[in-house]
2 protein chains.
Amino acid sequence: MTERISDAEHAVMEVLWDESPLTAQEVVERVPAERGWSANTVKTLLGRLLAKSIIAHEEVGRRYHYRPLVARDDYVAKESRKLMDRLFGGKLTPLVAHLAERDAITDQDIAEIEALLKDLKS
Amino acid sequence: MTERISDAEHAVMEVLWDESPLTAQEVVERVPAERGWSANTVKTLLGRLLAKSIIAHEEVGRRYHYRPLVARDDYVAKESRKLMDRLFGGKLTPLVAHLAERDAITDQDIAEIEALLKDLKS
DNA sequence: TCTTATCGACTACGTGTGTAATCCTCGCGA
DNA sequence: TCGCGAGGATTACACACGTAGTCGATAAGA
């Protein structure tokens with residue numbers, strides 16, 4: 001029943017997944033500048049993530065230190081699976097086929113994936 | 001500048017991608033029962049999709065026939081790419097690696113993907 | 001001690017989304 | 001001819017989201 005992570009929240013999570021624990025201030029500094037967010041916006045997002053128990057904070061002196069409660073890997077897995085289920089009937093092959101066709105896959109990509117698959121086969 | 005398709009709207013689109021043109025009534029009948037939507041809900045969604053120019057309708061007698069204006073393939077491509085960019089730095093290999101690891105990929109899957117890659121290499 | 005900068009909490013507000021009821025129009029049967 | 005029902009259009013409404021301002025406590029400096 002892990003709550004949904006919105007797009008804006010996701011940007012904050014990436015910061016915390018990259019490094020944690022961090023204070024709110026540090027998160028603000030690390031959020032990609034393209035977002036152009038005010039510090040308040042980031043704090044609101046931290047608050048919402050807290051409310052959803054996606055992150056936690058512990059008091060350290062006057063401030064809080066924030067850290068993720070869900071692993072990036074789990075989140076990525078869930079999102080990937082959702083997409084695969086929704087758009088490719090849950091099958092991996094059509095997904096790969098689609099991406100490979102549409103997005104000029106390089107020979108190197110192919111080599112890497114082949115190596116990967118070889119490993120898995122054992 | 002194709003507008004965003006929400007989750008509920010997507011369910012309607014799947015119906016129309018599967019078969020079109022359809023009347024509103026027919027769409028209502030074909031939407032997966034799990035959704036438990038009232039006919040009005042479906043009509044609202046059709047209206048929103050129309051407003052966004054994601055579908056079109058032509059008058060046929062006293063009703064409308066609805067049909068998609070965007071190809072499923074284009075939608076799928078865009079969504080897949082978004083996920084790949086957001087979670088895997090735009091690289092296909094990590095995506096495949098991730099899915100392959102986490103979701104007990106079968107030998108058959110591996111064989112299929114290998115065949116697919118072989119084709120692409122030519 | 002008084003002032004101010006800092007930090008988190010609370011409040012705000014427009015837009016999107018899921019879900020649907022209500023309204024309006026027009027052809028059809030009584 | 002007149003009310004009714006099917007179908008589309010309009011309106012509704014709560015909640016999520018993106019974005020941010022304001023409030024209240026406090027620590028640090030004057």
Side-chain angles (χ1 to χ4, degrees), chain A residues 1-16 20-67 70 75 78-79 82 86, chain B residues 1-16 20-67 70 75 78-79 82 86:
Chain A
M1 91 142 197
T2 316
E3 298 264 9
R4 153 147 209 78
I5 297 177
S6 82
D7 214 64
E9 286 161 5
H10 177 230
V12 170
M13 288 309 288
E14 286 293 349
V15 171
L16 287 174
S20 78
L22 293 176
T23 65
Q25 191 48 44
E26 287 166 336
V27 173
V28 167
E29 284 159 16
R30 271 156 238 235
V31 159
E34 306 90 86
R35 293 276 182 171
W37 282 338
S38 86
N40 278 332
T41 298
V42 175
K43 285 197 214 163
T44 298
L45 293 172
L46 285 171
R48 286 181 184 167
L49 287 166
L50 270 177
K52 297 192 210 171
S53 297
I54 292 166
I55 62 177
H57 61 357
E58 58 254 6
E59 210 161 352
V60 177
R62 178 89 250 96
R63 333 218 172 146
Y64 286 118
H65 283 185
Y66 296 85
R67 76 193 151 73
V70 311
Y75 172 71
K78 190 164 306 179
E79 290 298 302
K82 233 168 34 186
R86 214 160 55 96
Chain B
M1 89 142 195
T2 313
E3 296 263 9
R4 150 151 210 77
I5 297 177
S6 81
D7 214 63
E9 287 160 7
H10 177 233
V12 170
M13 289 308 288
E14 286 293 349
V15 171
L16 286 173
S20 81
L22 294 176
T23 65
Q25 190 50 44
E26 288 166 335
V27 174
V28 167
E29 285 159 15
R30 270 155 240 236
V31 159
E34 306 89 85
R35 293 276 182 170
W37 281 339
S38 85
N40 278 332
T41 297
V42 175
K43 287 196 214 163
T44 297
L45 293 171
L46 284 171
R48 287 181 184 170
L49 287 166
L50 271 177
K52 296 192 213 170
S53 299
I54 291 166
I55 62 177
H57 60 358
E58 58 254 6
E59 209 160 352
V60 177
R62 173 160 26 303
R63 331 227 177 134
Y64 286 117
H65 282 185
Y66 296 84
R67 81 194 146 72
V70 311
Y75 172 71
K78 191 164 307 179
E79 290 298 303
K82 236 172 24 191
R86 214 162 53 99

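A, B, ... follow the sequence lines: proteins, then strands. Residue 1 opens every chain.
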> Can you tell which of D/dA9, D/dA20, D/dG18 lies closest to the side chain of A/Thr41?
Replying inline: D/dA20
>> Taking the minimum atom-to-atom distance to the side chain of A/Trp37, which one of D/dA9, D/dT19, C/dA9 wins?
In response: D/dT19
> To the nearest Å, how far apart are B/Glu9 CD and C/dA20 C1'?
Replying inline: 15 Å
>> Using 0.5 Å steps for rounding, measure from the OH atom of B/Tyr66 to the OG1 atom of B/Thr23.
In response: 8.5 Å
>> Let's see if you can work this out: which of C/dG8, D/dG8, D/dG18 has an atom nearest to the side-chain heavy atoms of B/Tyr66?
In response: D/dG8
>> Nearest whole Å is fine: how far is C/dA9 P from A/Leu46 CG?
In response: 10 Å
> Quick one: B/Arg62 CZ to D/dG5 P, roughly how many Å, whole number?
Replying inline: 17 Å
> Do A/Leu50 and A/Tyr64 come close enough that some side-chain heavy atom pair is under 4.5 Å?
Replying inline: no
> Considering heavy-atom distances to DNA chain D, does B/Ala24 or A/Lys52 have its closest nucleotide positioned more toward the 5' end?
Replying inline: B/Ala24
>> Distance check needed: D/dT11 C1' versus B/Asn40 CG, whole Å only.
In response: 12 Å
> Quick one: A/Glu34 CD to D/dT19 C1', roughly how many Å, whole number?
Replying inline: 17 Å
>> I want to verify a distance call: between D/dT22, C/dC7, D/dC17, whose nearest atom is closest to the A/Gln25 side chain?
In response: C/dC7
>> I want to verify a distance call: between D/dG8, C/dT19, C/dT22, whose nearest atom is closest to the B/Leu45 side chain?
In response: C/dT19
> Which of these passes side chain to side chain donor-acceptor pair (under 3.5 Å) with A/Glu58: A/His65, A/Arg63, A/Arg67?
Replying inline: A/Arg67
> Would you say the base of C/dA20 and the side-chain of B/Thr44 have a donor-acceptor pair closer than 3.5 Å?
Replying inline: yes
>> If the cut-off is 4.0 Å, is B/Arg4 near the phosphate of C/dT17, judged by side-chain N/O to OP1 or OP2?
In response: yes
> What is the distance from CD of A/Glu59 to C1' of C/dC7, rounded to the nearest Å?
Replying inline: 11 Å
>> Let me spell it out: for each of B/Leu50 and A/Ser38, pick the nucleotide of DNA chain D with the closest heavy atom. Which residue's pick is nearer the 5' end?
In response: B/Leu50
> Roughly how many Å is it from CD1 in B/Ile54 to C1' in C/dG16, rounded to a whole number?
Replying inline: 13 Å
>> So if I take every side-chain heavy atom of B/Ala8 and compare against C/dG8, C/dG18, D/dC17, which nucleotide ends up nearest?
In response: C/dG18
>> Any donor-acceptor pair, under 3.5 Å, between the side chain of B/Arg48 and the base of C/dG18, if you only look at N and O atoms?
In response: yes
>> Measuring only between side-chain heavy atoms, which start at C-beta, is A/Met13 closer than 4.5 Å to A/Ile55?
In response: yes
> Is the shortest side-chain N/O distance from B/Thr23 to OP1 or OP2 of D/dG7 below 4.0 Å?
Replying inline: no
>> So if I take every side-chain heavy atom of A/Lys43 and compare against C/dA21, C/dT17, C/dC7, which nucleotide ends up nearest?
In response: C/dC7
